[in-house]
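Below is one structure, written out as structure tokens; comments come after it.
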Amino acid sequence: MPTFQTLPGFREFYPDALAQRNHLFKVWRQTAVTFGFQEYDAPVLEPLDLYRTKSGPEIEQQLFSFTDKGGREVALRPEMTPTVCRLVGEQAATLKRPIKWFSIAEFYRYERMQKGRGRCFFQFNADVFGETGIEAETELIALLIQALCAFGLAEPDFYIRLSDRNLWFYYLEALGLDEPRARAILGAVDKFEKIGDKAFEEYQTQFGALEAVLKERILALLSIKSMASLEALMAPLHNEKVQGRIGEWKRLIGNLTAMGLGGFVEVDLGVVRGLAYYTGFVFEAFDRKGELRALAGGGRYDNLVGKLGYSELPAVGFAIGDMTFALLLEQRGLMPSYVNAPDVYFVLGGEAERMAAFPALQALRASGIRVEYPMRPLAFGKQFKAATESGARFAVIYGQDEVARGTAKLRDLQSREEREIGLGDLVDALRSALRA
RNA sequence: GCGACCAUAGCUCAGCUGGUUAGAGCAUCAGAUUGUGGAUCUGAGGGUCGCGGGUUCGAAUCCCGUUGGUCGCCCCA
């Protein structure tokens, strides 16, 4: 007997698990729609070059890629951003601005498995194209927060760390660092949270010792946790670019505060999101307890559409992954356990009663009521047990006596009350009973 | 790519320093029970002890390898 295992890192969704997954998708979809986002989808398989162009050749290590029978180098998509940029880039001339799109899709990465990370996963992606101002960030951060709150999560559960690559560059420039040095510092900043002072070693081997005063100023910005202290740190610089950027910060935080979302957002310049394609504000969502990896991440990427060969188009986007998010919902007891329950369970006396019940069974199902019945002849006792275990609200009993009278009994399985109903009135009776 | 730990029934696990035919609970199915319930009782099915090799009179148990899982590191788009 051959034994086939699921491929490493891949997941099967048995009915209970799929019900939970569907719950996530449904709430995400509803939330995105209320924010005026439109849903799209795209191929799972893309040209390998799409990712090489975006992320560099080393990305191939992390991809499920192969050569197809036509000799094309292809890859299962590891993320949605390049794809959505391609879609938007193709039609940019005709799309009304702002372009607000979302998707819920599966992605594949050839990686080692860890808690909250597998080789296949789903992401809720949302992007705004064609908007250079912080209104786009406002819209997306608000959507991100709501996409988590819609499950019952609140301020004690998660928060958004807000950072800004532009502010970092302007700040470092004001401190006298050229761009290569500034980039190296950002690399160190990204690692500082994890490895501390060691993070600066690479900078120092490349550019020589980092002045103590300078390092102090960098660590000062890293430790900022509020808008007020951010302003206080920046004011003495008297730098026009920095002050302009601080103005943007105040407007963005002001917008979110006016929406009542200020409590979710923390100033935290420690978030740089790698050396990715981000060009401005970047943000990540974390659980407050700090037990899980990032729930979501996003930011502005104004150059990517152009980099893929289309006209420049400013963009902001984020993605929420399903794995870490599901872990958080479970931790907080917010993952509903679905009972796959019918509305009505038919209890059938015998073959004659079964035939008598089938017209109503089909009529009820056709009218959208979910009806279950035993496929094999069963004792009444067994049928009632099955009806109860199914989770149905009502049982309809087709016994010999009732059918002879042209009726069936409608039994409320919670209250255990029964009434006899003419077969012709059954559909209407059940409809109104289920509404109650 | 690197490291640690783990692998016995569908699930959770027991199985002593190696010793007859590998067990329990839960779950499933059946019977008690052909006109009224989530209970109870009885019974059944379900295992190449992840796989392969080695040591031994004898291996679920010890050793090596391998596959898979969990959790870290690297990476995280």
Side-chain angles (χ1 to χ4, degrees), chain A residues 1-12 14 16 46 50-63 75 77-85 107-119 121 123 125 187 190-191 194-195 271-278 282 284 291-299 301 304 307 317-319 321 323-324 327 339 341 345 347-353 374 376-392 394-404 408-418 420:
Chain A
M1 189 175 65
T3 59
F4 294 107
Q5 292 179 312
T6 311
L7 259 18
F10 282 79
R11 298 184 285 172
E12 270 122 9
Y14 283 81
D16 288 347
E46 290 275 20
L50 183 62
Y51 305 111
R52 287 207 190 105
T53 303
K54 190 212 140 200
S55 308
E58 60 283 356
I59 192 70
E60 210 172 325
Q61 300 295 316
Q62 314 279 342
L63 297 178
R77 62 185 174 198
E79 58 167 329
M80 195 53 112
T81 307
T83 299
V84 70
C85 285
F107 301 95
Y108 305 86
R109 295 179 187 178
Y110 200 88
E111 289 190 292
R112 198 79 176 146
M113 292 175 57
Q114 267 172 76
K115 191 175 185 178
R117 197 166 83 173
R119 287 183 167 183
F121 54 92
Q123 278 186 349
N125 274 263
D190 195 29
K191 289 178 191 151
K194 263 187 194 168
I195 61 174
V271 176
V272 192
R273 285 191 69 69
L275 33 138
Y277 44 81
Y278 290 106
V282 290
E284 289 189 329
E291 291 169 352
L292 303 169
R293 59 179 63 243
L295 294 162
Y301 52 102
L304 189 55
K307 194 174 174 185
F318 73 77
M323 293 182 78
T324 302
L327 286 173
V339 238
Y345 194 97
V347 174
L348 308 170
E351 267 313 301
E353 290 75 24
R376 291 185 294 176
L378 284 178
F380 269 83
K382 283 253 190 238
Q383 294 192 53
F384 278 103
K385 189 176 172 185
T388 305
E389 285 176 349
S390 77
F394 296 99
V396 179
I397 303 149
Y398 285 80
Q400 206 174 344
D401 302 343
E402 291 88 345
V403 171
K409 274 186 187 150
L410 177 58
R411 182 180 176 88
D412 184 318
L413 287 167
Q414 275 128 48
S415 68
R416 304 194 173 201
E417 282 165 16
E418 263 180 26
E420 202 157 330

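Chain A is the first sequence line, chain B the second, and so forth, proteins listed ahead of strands; every chain is numbered from 1.
- For the C1' atom pair drawn from B:rU8 and B:rA4, the interatomic distance equals 23 Å after rounding to whole Å.
- Contact check for A:K382 versus A:P374: no side-chain heavy atoms found under the 4.5 Å cut-off.
- Atom P of nucleotide B:rA77 and atom NZ of A:K307 are separated by 14 Å, given to the nearest angstrom.
- When rounded to the nearest whole Å, the span between CE of A:M323 and P of B:rC76 equals 19 Å.
- Distance check on atom P: B:rG25 versus B:rU42 gives 10 Å, rounded to whole Å.
- By the 6.0 Å contact criterion, CD on A:Q61 is open, its count of non-hydrogen atoms from other residues, nucleotides or ligands being 12 or less.
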Are any protein N/O atoms closer than 3.5 Å to N/O atoms in nucleotides 35-39 of chain B? If there are, list each pair with its distance.
residue : atom : partner : partner atom : Å
B:rG35  : O6   : A:Q400  : N            : 2.6
B:rG35  : O6   : A:D401  : N            : 3.1
B:rG35  : O6   : A:E402  : OE1          : 3.3
B:rG35  : N1   : A:E402  : OE1          : 2.7
B:rG35  : N1   : A:E402  : OE2          : 3.0
B:rG35  : N2   : A:E402  : OE2          : 2.4
B:rG35  : N2   : A:K409  : NZ           : 3.4
B:rU36  : O2   : A:R411  : NE           : 3.3
B:rU36  : O2   : A:R411  : NH1          : 3.1
B:rU36  : O2   : A:E418  : OE2          : 3.4
B:rU36  : N3   : A:E418  : OE2          : 2.6
B:rU36  : O4   : A:E418  : OE1          : 3.4
B:rG37  : N7   : A:R411  : NH2          : 2.9
B:rG37  : O6   : A:R411  : NE           : 2.6
B:rG37  : O6   : A:R411  : NH2          : 2.5
B:rG37  : N1   : A:L413  : O            : 2.6
B:rG37  : N2   : A:T388  : OG1          : 3.3
B:rG37  : N2   : A:L413  : O            : 2.9
B:rG37  : N3   : A:T388  : OG1          : 2.7

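- Annotation: the span from A:E58 atom CD to A:L63 atom CG amounts to 10.5 Å, rounded to 0.5 Å.
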For nucleotides 66-75 of chain B, list the nitrogen or oxygen atoms of the protein found under 3.5 Å from its nitrogen or oxygen atoms, one pair per line.
residue : atom : partner : partner atom : Å
B:rU67  : O2'  : A:Q5    : OE1          : 3.4
B:rG69  : OP1  : A:G9    : N            : 3.3
B:rC71  : OP2  : A:K115  : N            : 3.4
B:rC74  : N4   : A:Q114  : NE2          : 2.9
B:rC74  : N4   : A:R117  : NH2          : 3.1
B:rC75  : O2   : A:E111  : OE2          : 3.4
B:rC75  : O2   : A:R117  : NH1          : 3.1
B:rC75  : O2   : A:R117  : NH2          : 3.2
B:rC75  : N3   : A:R117  : NH1          : 3.0
B:rC75  : N3   : A:R117  : NH2          : 3.4

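- The shortest distance between side-chain heavy atoms of A:L304 and A:T81 falls below 4.5 Å.
- Taking A:Y51 as the reference, nothing meets the ring-ring contact (aromatic ring centres under 6.0 Å, His included) condition, with sequence neighbours excluded.
- Residues forming a salt bridge (charged side-chain N to carboxylate O under 4.0 Å, His left out) with A:R293 (at least two apart in sequence, or on another chain): none.
- Straight-line distance between the C1' atoms of B:rU61 and B:rA14: roughly 14 Å, to the nearest whole Å.
- Taking atom P in both B:rG10 and B:rC29, the straight-line distance is 16 Å, to the nearest Å.
- For the pair A:R119 and A:Y110, the minimum side-chain heavy-atom distance is below 4.5 Å.
- The closest donor-acceptor contact from the side chain of A:R109 to the backbone of A:P78 lies under 3.5 Å.
- Separating the P atom of B:rG65 from that of B:rC26 is a span of 41 Å, rounded to the nearest Å.
- Evaluation of the side chain to side chain contact (heavy atoms under 4.5 Å, CB included) rule for A:A294 yields A:F286 as partners, not counting sequence neighbours.
- For B:rG54 and B:rA60, the P atoms lie 15 Å apart once the distance is rounded to whole Å.
- Exactly one of A:R77, A:K54, A:K307 qualifies for a side-chain contact (heavy atoms from CB on, under 4.5 Å) with A:P82. That residue is A:K54.
- A:L378 comes within 4.0 angstrom of no nucleic acid atom, judged by non-hydrogen atoms across all strands.
- Using a 4.0 Å heavy-atom criterion, one finds that A:R11 contacts no nucleic acid atom at all.
- B:rC74 and B:rC2 have their P atoms separated by 16 Å, given to the nearest Å.
- Note that the CG atom of A:L410 and the CD atom of A:E420 stand 11.0 Å from one another [nearest 0.5 Å].
- Between the side chain of A:E389 and the main chain of A:A386, no donor-acceptor pair closer than 3.5 Å is present.
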Checklist entry - When Watson-Crick pairs (N1 to N3 and N6-O4 or O6-N4) and G-U wobble pairs (N1-O2 and O6-N3) count only below 3.5 Å on both distances, what is the dot-bracket string of RNA chain B, with | for other-strand pairs? => result (((((((..((((.....[...)))).(((((.......))))).....(((((..]....))))))))))))....
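- A gap of 14 Å separates the C1' atoms of B:rG47 and B:rA7, to the nearest Å.
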